[in-house]
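In what follows, a single structure is set out as structure tokens and then discussed.
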Amino acid sequence: MAEPSSELVRRAQGGDSVALSQIITLQQSYVYSIAFSVMRHPEDAADLTQEAFLRLCNVIGSYRGETKFTTWLYRLVVNLGLDELRRRGRSKEGTLDDGLVDPPDFDPLVDPETTLNRQETAVRVRAALNELPTAYRVALTLYYFRELRYDEIATVLNLPLNTVKAHIRRGRIALLQRLSTPKTQETP
Amino acid sequence: MSCEEFRRRALSAEVNEDFSDWMAHQGACPLCAAWERRHQETEDVLAQTLLIEPPRELVARLAQIPEMHAQTRISPRRAVNSGVFDVAVLFFVGLGLTGVIGVVYAALAGVTLPWLDNTTEALNLIMSTGLVSYAQGLAIIATRALATLVLAGLALAQLEPRGIVMRRQR
């Protein structure tokens with residue numbers, strides 16, 4: 001994940017369209033991925049991505065550097081997405097901390113699947129992700145960027161740190177169970 | 001550490017946790033070592049899958065945003081100039097309207113004034129003075145509110161970015 005330099009952000013805040021363009025190019029994959037995890041539909045994700053960058057252009061001046069720029073930007077994306085879900089009446093999906101249940105107990109027999117080709121795996125992963133609650137899905141997306149710490153993910157999602165840790169742990173277990181095949185012959 | 005505990009911790013581990021006993025189990029248990037290798041491969045696949053490249057059409061739309069934003073962005077100087085221009089226009093429009101109204105009023109004064117006098121006198125007789133002054137106050141407030149709305153509308157028209165909305169129509 002390419003964190004924009006403070007100089008680049010400062011230039012963008014001053015209205016430099018080249019700097020803004022560089023930030024958008026650096027971040028478009030990440031923003032689109034987050035948007036996809038919130039909205040679960042390619043066209044809705046595209047609209048949310050565009051809306052987020054339009055909003056970014058208008059509010060980038062209010063970024064004060066208290067957090068990483070990407071943390072601030074991703075929070076903007078998540079909030080816009082959740083607002084959109086609530087606006088559409090999908091209020092259950094438009095929240096990150098209610099109505100979540102523990103996944104089934106972790107089964108040590110499950111084994112991570114590695115035999116599928118990448119394309120097939122990608123399809124399966126996305127299908128499995130779409131079955132998860134929004135909170136797990138978004139938390140896992142941010143987690144697998146592999147650049148955000150737990151506390152930064154908590155800031156993006158505006159949730160307590162322990163809640164985020166629980167979301168990620170439960171989400172990973174639920175996802176692994178959906179992607180796993182039992183291989184009893186390797187059971188210890 | 002049991003194999004189950006090893007695998008549980010693999011799924012909930014944090015970077016800053018002490019992994020010494022976990023690593024020891026991985027070194028001693030070939031089944032868990034193999035499980036962890038597959039787990040890491042799955043983690044890599046997940047990381048690659050969850051980072052999605054935006055479609056080309058969206059990238060093209062996003063590329064337009066900075067330039068369009070720059071075109072619609074109002075510089076402080078332009079904003080001041082624009083504000084002065086608006087005030088001047090409002091002033092002259094107001095002056096012109098006052099002149100026109102004045103001319104019309106003067107032309108009709110011979111007819112209108114006696115009629116207004118009679119009407120006001122009649123109103124005072126029919127209605128209470130308090131009600132008449134209340135109606136006058138209400139009319140003044142309505143006029144002020146209308147003027148405020150017009151000014152606010154002009155101000156918003158200056159601030160609203162034009163031409164930047166290019167969302168797909170549903």
Side-chain angles (χ1 to χ4, degrees), chain A residues 1 12 15-25 28-33 35-37 42-43 45-47 49-51 53-54 56-58 106 108 110-114 116 118 121-122 124-126 129 140-141 143-146 149-150 165 168-169 172-173 175-176 179-180 186-188, chain B residues 2-16 25 29-32 34-55 57-59 61-76 159 161 164-170:
Chain A
M1 181 171 62
D16 183 341
S17 59
V18 175
L20 263 177
S21 182
Q22 286 177 0
I23 288 174
I24 291 174
T25 304
Q28 59 194 11
S29 297
Y30 298 98
V31 169
Y32 181 70
S33 301
F36 200 100
S37 75
E43 291 185 348
D47 281 351
T49 303
Q50 181 181 302
E51 182 68 30
F53 281 121
L54 283 170
L56 173 71
C57 291
N58 290 327
F106 174 67
V110 297
D111 203 16
E113 177 64 76
T114 57
L116 295 173
R118 291 286 162 115
T121 305
R124 281 188 60 195
V125 167
R126 288 194 186 127
L129 265 176
L140 284 176
T141 300
Y143 173 81
Y144 280 109
F145 286 171
R146 291 182 164 171
R149 299 190 311 263
Y150 281 103
K165 286 180 180 175
I168 291 172
R169 182 177 58 80
R172 288 174 82 192
I173 291 172
L175 195 57
L176 186 62
L179 296 172
S180 295
E186 291 189 7
T187 306
Chain B
S2 69
C3 293
E4 183 174 345
E5 177 62 17
F6 174 89
R7 296 175 188 197
R8 274 189 202 283
R9 283 187 58 182
L11 290 170
S12 61
E14 289 187 52
V15 176
N16 57 358
H25 182 87
C29 178
L31 292 181
C32 282
W35 183 93
E36 175 57 15
R37 271 198 304 277
R38 289 191 295 276
H39 175 230
Q40 280 308 316
E41 286 173 16
T42 304
E43 292 280 283
D44 290 342
V45 171
L46 284 173
Q48 289 169 15
T49 306
L50 290 179
L51 185 61
I52 311 168
E53 285 301 314
E57 179 265 341
L58 174 62
V59 172
R61 276 195 280 160
L62 297 180
Q64 296 175 43
I65 289 177
E67 192 57 37
M68 296 179 82
H69 179 70
Q71 285 170 7
T72 55
R73 192 168 177 262
I74 302 171
S75 69
L159 293 175
I164 204 161
V165 177
M166 28 180 205
R167 286 174 65 113
R168 178 175 43 79
Q169 295 298 312
R170 292 178 190 284

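What you see below is based on every heavy atom in this structure, not just the backbone, and it leaves out hydrogens, waters and symmetry mates. Labels below follow one simple rule: chain letters A, B, ... track the order of the sequence lines, proteins then strands, and each chain is numbered from 1.
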**Asked** Do the side chains of A/Phe145 and B/Leu51 get nearer than 4.5 Å, heavy atoms only?
**Response** yes

**Fill in**
Smallest heavy-atom separation, A/Gln50 atom then B/Ile65 atom, equals O-CD1, 4.0 Å

**Item:** Contacting region of A/Leu175 [heavy-atom separation from chain B under 4.5 Å]
**Value:** side chain

**Request:** Output the distance between atom CZ (A/Arg146) and atom CG (B/Leu46), rounded to the nearest 0.5 Å.
**Result:** 8.5 Å

**Request:** Rounded to the nearest 0.5 Å, what's the gap from CG on A/Leu176 to NE2 on B/His39? Could you check?
**Result:** 6.0 Å

**Asked** Side chain, backbone, both or neither: which part of A/Leu129 has an atom under 4.5 Å from a heavy atom of chain B?
**Response** side chain

**Message:** Once rounded to the nearest 0.5 Å, what's the spacing between atom CG of B/Leu50 and atom OH of A/Tyr30?
**Reply:** 12.5 Å

**Message:** Check whether B/Arg61 reaches the backbone of A/Asp47 with its side chain - one donor and one acceptor, N or O, closer than 3.5 Å.
**Reply:** no

**Request:** Search all heavy atoms of A/Arg172 against all heavy atoms of B/Ala10 and return the closest pair with its distance.
**Result:** NH2-O, 3.5 Å

**Asked** Would you say the side chain of B/Pro66 lies within less than 4.5 Å of the side chain of A/Ile24, judging by non-hydrogen atoms?
**Response** yes

**Message:** Checking B/Gln48 against A/Tyr144 for the side-chain contact (heavy atoms from CB on, under 4.5 Å) test, could you report, in this order, the C-alpha distance in whole Å, the side-chain angles of both residues, the deciding distance, and whether it holds?
**Reply:** CA-CA 8 Å; B/Gln48 289 169 15; A/Tyr144 280 109; over 6 Å; no

**Prompt:** Regarding B/Glu53 and A/Tyr32, is there a side-chain donor-to-acceptor distance under 3.5 Å anywhere?
**Reply:** no

**Request:** Go through the atoms of A/Phe53 and report whether side chain, backbone, both or neither lie under 4.5 Å from a heavy atom of chain B.
**Result:** both

**Asked** Should B/His69 and A/Asn58 be marked as a side-chain contact (heavy atoms from CB on, under 4.5 Å) after you check the CA-CA gap, both sets of side-chain angles, and the distance that decides it?
**Response** CA-CA 8 Å; B/His69 179 70; A/Asn58 290 327; 3.3 Å; yes

**Item:** Segment of B/Glu57 engaging chain A (4.5 angstrom heavy-atom cut-off)
**Value:** neither

**Request:** Return the minimal non-hydrogen interatomic distance between B/Ile52 and A/Arg126, and the atom names on each side.
**Result:** CG1-NH2, 3.7 Å

